[in-house]
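Chain identifiers are assigned alphabetically (A, B, ...) following the order of the sequence lines, protein sequences preceding nucleic acid strands; residue numbering begins at 1 within each chain.
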Protein chains: 2
Amino acid sequence: MGSPARPRLRRKEARPGELLSAALDTFREKGFAATRMDDIAARAGVSKGTIYLYYPSKEAVFEAMVRANLLPNIERMEAAIADEERSSADRLRLLVTAFGEIAGDARLVAVPKLVLAEAGNFPEMARFYRHEVIGRALSLVSGVLEAGMAHGEFRRLDAALTARLFLAPVIVAALWQTTFVPVEDAPVPPADLLRLHLDLFLRSIAADASGGAP
Amino acid sequence: MGSPARPRLRRKEARPGELLSAALDTFREKGFAATRMDDIAARAGVSKGTIYLYYPSKEAVFEAMVRANLLPNIERMEAAIADEERSSADRLRLLVTAFGEIAGDARLVAVPKLVLAEAGNFPEMARFYRHEVIGRALSLVSGVLEAGMAHGEFRRLDAALTARLFLAPVIVAALWQTTFVPVEDAPVPPADLLRLHLDLFLRSIAADASGGAP
DNA sequence: CCTAAATGACTTACCAGTCAGTCATTCCAG
DNA sequence: CTGGAATGACTGACTGGTAAGTCATTTAGG
């Protein structure tokens with residue numbers, strides 16, 4: 001028993017990231033309230049006091065964790081449609097693929113789910129997430145939709161509403177994944193669902209009645 | 001100061017319902033962990049001890065509250081398509097309307113959101129909800145879809161997947177409503193969103209009138 | 001050595017759950 | 001009717017356990 005799991009290390013640079021990563025995994029498993037600072041510390045291989053060297057409170061850890069996971073998501077999305085050469089339909093296809101990858105990554109998806117669950121207790125963060133992540137995703141999609149409409153590729157529709165309809169199945173797939181898959185044995189392959197979604201969606205917004213796909 | 005707010009009343013019959021209603025409103029505002037039994041009691045105009053006359057624990061209150069809000073939802077849904085005379089498209093239209101009403105009722109929608117948020121801590125309840133509410137909603141929709149396909153009204157598609165795509169925007173609208181509307185000032189009218197959804201969805205699954213290409 | 005990062009025992013606050021006592025209501029005896 | 005005894009719904013101070021946050025001490029690393 002006497003063997004100390006690890007000698008105490010001093011890693012001023014790496015700590016904050018390690019702590020937030022441990023925090024994400026712990027919040028993901030138990031939710032905000034049921035997570036103890038000792039849990040996070042143990043997972044990061046550190047004692048509780050160490051967390052307080054870097055963050056002033058549990059809430060601060062939570063907020064920092066959410067912020068740390070904003071940029072990667074946004075960048076993935078924006079990278080997915082950087083290619084301006086493609087047709088609007090192709091760009092939507094790429095977007096669905098990119099979102100599908102995010103939706104399949106349980107660790108990434110945990111963040112919005114936590115924001116959702118804690119919106120009542122962290123209204124400021126909810127507003128922030130609403131604008132910085134969801135707002136950007138919506139603009140991204142409606143930008144592509146408007147381009148397609150201007151180009152005559154898609155019918156004229158309310159781009160803001162249509163963008164929401166485009167994203168809805170992705171969001172539901174993501175939430176489903178984190179909520180029910182750990183609890184039951186018959187998962188629906190998100191890839192199949194999203195392929196069908198793209199097919200139906202493109203058909204429903206296509207400009208001419210006689211099909212759109214080349 | 002001496003004035004007692006209210007004389008103590010004895011209402012053995014009405015209490016359980018009043019307690020669950022107070023519990024719903026409190027859980028809705030703060031989430032499960034952050035609500036205190038004293039909060040629920042105060043909202044119900046009762047002392048904390050009284051709750052324990054009717055429910056053995058905080059978790060029991062939560063579970064009872066969820067169960068109490070199952071049946072109304074299911075019955076609303078099933079009533080919405082009871083009319084077997086109509087076309088499948090019309091029945092989908094009625095379903096969207098019914099779901100839209102549920103989605104617009106912030107109190108009702110809070111329940112699935114709480115289930116979602118607490119699925120990790122109440123796996124049994126998550127499974128239960130998955131089967132008794134979501135499962136039933138999915139069968140309802142896929143039943144209508146299959147009837148429409150058999151009738152030649154809709155294209156042949158995977159009914160289970162398509163049903164999920166049909167429900168996704170309703171679910172997202174509901175979650176949006178409870179999460180972001182209290183936090184910002186520019187709500188999207190769910191009615192507009194769902195009307196567009198129905199339009200696009202029906203178009204995407206319609207059998208090709210002009211003998212089009214698959 | 002010296003500094004500052006890391007530790008973990010300690011303090012403090014909070015809250016689920018308990019239970020001895022209170023009082024509104026009912027119901028019979030006179 | 002009436003009053004007072006019995007009932008049991010209701011109360012709220014209290015307990016025990018838990019966990020956030022602190023800080024005097026320890027020790028890695030330069």
### Derivation and outcome, side chain to side chain contact (heavy atoms under 4.5 Å, CB included), residues B:Phe62 and B:Glu118
CA-CA 10 Å; B:Phe62 185 59; B:Glu118 299 295 335; 4.1 Å; yes

### Message
Assess, by modelled atom type and distance only, whether the side chains of A:Arg203 and B:Ser204 contain a donor and an acceptor separated by less than 3.5 Å.
### Response
no

### Task
Please report the closest heavy-atom contact between B:Ala168 and A:Pro169, naming both atoms and the distance.
CB-CA, 3.7 Å

### Task
Inspect the contact between B:Glu132 and B:Arg136 and indicate whether a charged nitrogen and a carboxylate oxygen are less than 4.0 angstrom apart.
yes

### Task
Might you point out which heavy atoms bring B:Leu145 and B:Phe154 nearest each other, and give the distance in Å?
O-CD1, 3.7 Å

### Residues B:Arg91 and B:Glu85 bridged, charged N to O under 4.0 Å
no

### Task
State, to 0.1 Å, how close B:Ala64 and B:Tyr55 come at their nearest heavy-atom pair, and which atoms those are.
CB-CE2, 3.7 Å

#### Entry: side-chain N/O B:Thr50 vs D:dT11 OP1/OP2, d < 4.0 Å
yes

### Query
What nucleotide, of C:dA6, D:dG21, D:dA9, holds the atom closest to the side chain of B:Tyr54?
D:dA9

### Query
Considering only C:dA6, D:dA9, C:dA16, which nucleotide approaches the side chain of A:Leu53 most closely?
C:dA6

### Query
Rounded to the nearest Å, what distance is computed from the OH atom of residue B:Tyr52 to the P atom of nucleotide D:dA9?
18 Å

### Query
Near DNA chain C, which residues from residues 55-64 of chain B have a heavy atom under 4.0 Å away?
B:Ser57, B:Lys58

### Close residues, residues 34-41 of chain B, relative to DNA chain D [heavy-atom separation under 4.0 Å]
none

### Ring center gap for A:Phe32 and A:Phe122 short of 6.0 angstrom
yes

### Message
From the set C:dA16, D:dT11, C:dT7, return the single nucleotide nearest to any side-chain atom of B:Ser47.
### Response
D:dT11

Close N or O pairs between protein and nucleotides 13-17 of chain D (under 3.5 Å):
none

### Task
Calculate the interatomic distance between A:Ile51 atom CD1 and C:dG8 atom P; express it in whole Å.
13 Å

### Task
Using the six-membered ring of A:Phe128, assess whether NZ or CZ of A:Arg67 lies under 6.0 Å from its centre and within 45 degrees of the ring axis.
yes

### Query
Are A:Thr178 and A:Arg107 close enough that a side-chain donor and a side-chain acceptor fall under 3.5 Å?
no

### Message
Tell me whether B:Glu63 is salt-bridged to B:Lys58, with the criterion being a basic N under 4.0 Å from an acidic carboxylate O.
### Response
no

